[in-house]
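Have a look at the structure below, then the notes.
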Amino acid sequence: MATLTNIPVLPYGVGRIRRGWIASAAVLLIIFVVGVFAYSRQFIHGEEVTGLFDVGTRGGAPWGLYVVFVVYFVGVSTGLMLIGIVAELLKIGHMRSITRIAEGLAIISLILGALSVIVDLGQPLRGIIGFFQYARPMSPFFGTFTLVVSGALFASVVYLFLTVRPDAAILAKRKSGLATFYKWWASGYQDTPAERARRERSSIWLAFGILPLRILAYSTLGFVFGLQVGRPGWQSALQAPGFIILAVVSGAALLILVAAAARRIPGARDELSIPTFSWMSNVMTVLLVVYLYFLLAELLTTGYTSTEASWRVTDSLLTGQYAVLNWVSIGMLVLATGMGGWQMVMRNYSLSMMVAAGGLVTISAILQRYLIIVPSLTTGALLPYKEGTYAPTLIEYGVVVGLVALGALMFLAFLKLVPILEIQKEND
Amino acid sequence: MRGFLTILTILAGVVLAVVSYFFMAAPLGQSTNESFSNPRVPFAATGFVIGVALVFISAIVYEVLPESDSESV
């Protein structure tokens, strides 16, 4: 294990720009620029260049890939923050080493979620001003966006700022080009017993504030769908809890993938050990079982008691135009559950198997969001319109890939500014 | 002093959020015309956002403000 005496001037590769980092950043920057170009086409020509069309007479879906990624990014962010905070709060030893990664990813995902909303708007500026000026609290959108913008994002930034502060105080004393930056971040922290006690106390209070807020914010996003009486397939009491479960599942999956990649960072391999990954894998597996149970319960309910419109949506998922995506997605979830369950029962964990399960769940989690949003719009009309379709255009794919590249770029920058693991702990 | 400022920030945030939500944004009474589609006061949502942000800023106030001589923990 690293100690303060044997770690380099700035630990975990912080502040050191190497060729691999520059090459990765350059590739991501190019992809991001392609995304910006794609968005510029949409901004100039309007949403006509996308595959988004009105329901009914135009037979399309006004919510498509962008909204899928709003739900995905905000969900991942919620899941990551819940995992990070619970690990801190319950002082789960093995999980504490991934809390910093979880907090950083949570903030980045939330920014990407907000950007996904903006790219979905025909007039982004008008949307932003209109939201702050005219938002109504009776709308689930009010809860979603005020709580996500104010609560979740702001609270997560405050939480990260305060948890990194003790580390920043240590780094500020070391000779580096970032010393002034860390001095600002440490903002006078001297690691006195009183400051430590305050840190502990405020960390607990912040956690108690953020946990319900995050759950409420993401549940409200579930209610955006669940409360729509006129949209068969969406209206369900299980939407909000299902959103939360899938959020933690996809957060854990992404965390496994990123933490596995972070093991390449000098000094991080010992801390990001197999027991850390096994905890995340177990959390993911148990919640996957719950999510699959929710899927089954929803399927049985709509299958037995649904109206004709509601059955059309279910049928499109089981045997219709979304059947392949649906069964592939469920197959991936079942396979990931099996892989996680097998390791849990045998008590024999393999990093490559956990990473593979994480990859399957990440892809499936995006597909699940697609299958929640799109089929109800194209096939769930209560009026006698014929079945619609939705096919994302290259512009939409370009924008989404650009957003993902932006997120990866932000995470690369995060790695160079913030130690990926707590160094205060080593000091103890 | 730090404790007082922390509580003051929390209270300011809670009051601003509650007042913005219930008294400036939510339309009261039965909807009778299109004006009920807008909040009673424009930018009420902004007040709510700032209120929630203030509650969390209180943690920074609590941790970052320097300790006075008379204070212990």
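Reminder, nothing fancy here: chain letters follow the sequence lines and each chain counts from 1.
Residues passing the side-chain hydrogen bond (donor to acceptor under 3.5 Å, both in side chains) test with R199(A) are E63(B), sequence neighbours excluded.
The heavy-atom pair separating V67(A) from F225(A) by the smallest distance is CG1-CZ, 4.3 Å. Listed here is the closest heavy atom pair of A240(A) and F223(A): CB-CE2, 3.7 Å.
Residues of residues 203-212 of chain A that come closer than 4.5 Å to chain B, counting heavy atoms only, are L206(A), G209(A), I210(A), ordered by residue number. Among residues 103-113 of chain A, no residue has any heavy atom closer than 4.5 Å to a heavy atom of chain B.
The shortest side-chain heavy-atom distance between E422(A) and T99(A) falls under the 4.5 Å cut-off. Residues V14(A) and Y182(A) are in side-chain contact: their nearest non-hydrogen atoms beyond the backbone lie under 4.5 Å apart. Side-chain contact between I98(A) and L255(A) is present, with at least one heavy-atom pair separated by less than 4.5 Å. Looking at heavy atoms from C-beta onward, T9(B) lies out of side-chain contact with Y62(B) at the 4.5 angstrom threshold. Put simply, the side chain of L421(A) does not reach to within 4.5 Å of the side chain of R100(A), judged on heavy atoms.
By the 6.0 Å contact criterion, OH on Y134(A) is open, its count of non-hydrogen atoms from other residues, nucleotides or ligands being 12 or less.
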Show me the donor-acceptor pairs within less than 3.5 Å that the side chains of residues 42-55 of chain B make with the rest of the protein, sequence neighbours left out.
| residue | atom | partner | partner atom | Å |
| --- | --- | --- | --- | --- |
| T46(B) | OG1 | F132(A) | O | 3.2 |

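Using a 4.5 Å cut-off between heavy atoms, F161(A) contacts chain B through its side chain alone, with no backbone atom that close.
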